[in-house]
Amino acid sequence: MQKIWIAAAAALCANIAHAQTAAQPALQAQDTWTFRRTTETQQEPWRQVHFMGTVLRYSGSTMLMQNKEVDSPSPPREILIDSDWSAFRSMGGKETIVHRPFTFPMNVGKTWDLEFTDDHPNNKNHKSETRKLKYRVVGWEDVEVPAGKFKALKIEADGSWTGEIAPRTTASIANQSGAQGTTAVAQTVNVKAETVTGRLYQAYWYAPNVKREVKSVEENYDTNGLRSARWTNELESYKVAN
């Protein structure tokens, strides 16, 4: 009988955790978070910085955030984002969501999609880039970061990027040796337009009492499936109003 009660209690706890919903946070001016960001790329294998984000103004639909790298002489950067932590940009004269890690209210099993085409991507070799991501709320997990231990709702996203490489001409100079000496010869190569693609992965651990994620991981993979970049954010401290 005791085993039956234990099993029933465990099932009840599992159902409660599964049904628990994360509502949109009530953000307020001066809510502040400090993160440790670790960057790993093919060009720079490892780099770590600390940055602080503070809500300067909150209107209910948008908020003005101030982000500043700790101990850096660079001035703070202010950016307007949606109140659900979505980020947007103007593309082709149209406001487009380019980052949507959460859609409130969130509960286990919820999914949503994000897709956009950037005609001015960071990769200068690409004429344009299209990104497609499918997000899914995985479940509640215990996660430990420098700020402590938290019960957080994990969100994962798998996706792909597609880049359009415009036709171009590259030039090079080669030295040719002969009886008359060495001569520099200019050579040009025409590169045809082509389409390349790779994979994307993201994960976020959202803690309701912190009002945002306490940890995030974003990874980019190249055309050969090799990881080209990883960004990891971990909460170090926070101060939010109840």
Side-chain angles (χ1 to χ4, degrees), residues 24-33 35 37 39 41 43 49 51-69 72 74-106 110-136 155-168 193-204 206 211-213 216-223 228-233:
Q24 182 161 331
L27 295 157
Q28 296 187 31
Q30 300 309 309
D31 283 350
T32 301
W33 306 265
F35 285 88
R37 173 177 292 164
T39 300
T41 65
Q43 294 76 22
V49 298
F51 70 94
M52 177 184 295
T54 302
V55 177
L56 297 182
R57 184 177 68 243
Y58 179 76
S59 67
S61 59
T62 61
M63 58 180 167
L64 181 64
M65 286 289 299
Q66 176 183 273
N67 294 316
K68 177 174 174 53
E69 186 175 326
S72 171
S74 300
R77 178 171 173 258
E78 295 183 4
I79 182 171
L80 189 67
I81 63 175
D82 287 338
S83 58
D84 64 354
W85 295 104
S86 296
F88 54 86
R89 284 172 50 194
S90 175
M91 294 185 178
K94 181 181 178 182
E95 188 176 286
T96 303
I97 298 294
V98 296
H99 180 66
R100 177 171 278 162
F102 315 125
T103 59
F104 298 99
M106 292 189 296
K110 184 174 183 178
T111 63
W112 62 94
D113 299 312
L114 177 66
E115 179 179 348
F116 64 91
T117 298
D118 189 351
D119 291 330
H120 302 282
N122 291 329
N123 190 331
K124 302 305 180 183
N125 293 325
H126 294 174
K127 180 181 178 182
S128 68
E129 278 186 3
T130 297
R131 293 191 164 222
K132 298 179 180 180
L133 285 157
K134 187 172 188 65
Y135 292 82
R136 180 172 64 93
I155 299 97
E156 282 189 307
D158 287 296
S160 63
W161 61 266
T162 301
E164 300 294 332
I165 300 179
R168 64 188 188 279
E194 63 174 323
T195 300
V196 293
T197 187
R199 297 294 186 93
L200 301 168
Y201 172 79
Q202 297 177 6
Y204 302 87
Y206 177 84
K211 300 185 181 182
R212 64 178 302 180
E213 76 279 5
S216 67
V217 177
E218 298 185 28
E219 296 174 346
N220 289 357
Y221 292 83
D222 66 16
T223 55
S228 57
R230 176 191 285 146
W231 298 271
T232 303
N233 290 340

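Summarising the local packing, NZ of Lys132 is surrounded by 12 or fewer heavy atoms from other residues, nucleotides or ligands at distances under 6.0 Å.
Rounding to the nearest 0.5 angstrom, the gap separating the CG atom in Asn220 from the CG atom in Asp222 is 10.0 Å. Expressed to the nearest 0.5 Å, how far CG of Asp158 lies from CD of Glu219 amounts to 10.0 Å.
Side-chain polar atoms of Ser74 and Glu69 form no donor-acceptor pair below 3.5 angstrom.
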- Task: Run the numbers on Asp118 and Arg131 for salt bridge (Lys or Arg N to Asp or Glu O under 4.0 Å), then give the verdict.
- Result: CA-CA 8 Å; Asp118 189 351; Arg131 293 191 164 222; over 6 Å; no

- Query: Where do Tyr201 and Glu156 land on the side-chain hydrogen bond (donor to acceptor under 3.5 Å, both in side chains) test, with the steps shown first?
  - Reply: CA-CA 8 Å; Tyr201 172 79; Glu156 282 189 307; 2.5 Å; yes

- Task: Please assess Glu95 against Ser90 for the test side-chain hydrogen bond (donor to acceptor under 3.5 Å, both in side chains), listing each intermediate value before the final yes or no.
- Result: CA-CA 4 Å; Glu95 188 176 286; Ser90 175; over 6 Å; no

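Aromatic pair Phe88/Phe116: centroids not less than 6.0 angstrom apart.
Judged by distance alone, with hydrogens and angles left aside, the side-chain atoms of Thr32 form a donor-acceptor pair with the main-chain N or O of Gln30 at under 3.5 Å. With hydrogens and angles disregarded, a donor-acceptor distance shorter than 3.5 Å links the side chain of Lys110 to the backbone of Pro105. Listed for the Ser83 side chain is a donor-acceptor partner under 3.5 Å among the backbone atoms of Gly60. The backbone N or O of Thr130 lies less than 3.5 Å from no partner atom in the side chain of Thr117, so there is not a single donor-acceptor pair. Not one N or O on the side chain of Trp85 forms a donor-acceptor pair closer than 3.5 Å with the backbone of Glu213. A donor-acceptor pair is defined here as one N or O able to donate and one able to accept, closer than 3.5 Å; such a pair exists between the side chain of Thr96 and the backbone of Lys94. A donor-acceptor pair under 3.5 Å links the side-chain atoms of Lys211 to the main chain of Ala26, judged by distance alone. In this structure, Asp82 contributes its side chain and Asp84 its backbone to no donor-acceptor pair below 3.5 Å.
A cation-pi arrangement is absent between Arg100 and Tyr135, since the terminal nitrogen or guanidinium carbon is not both under 6.0 Å from the aromatic centre and inside a 45° cone about the axis. Geometrically, Arg37 does not engage Trp231 in a cation-pi contact defined by less than 6.0 Å to the ring centre and at most 45° from the axis.
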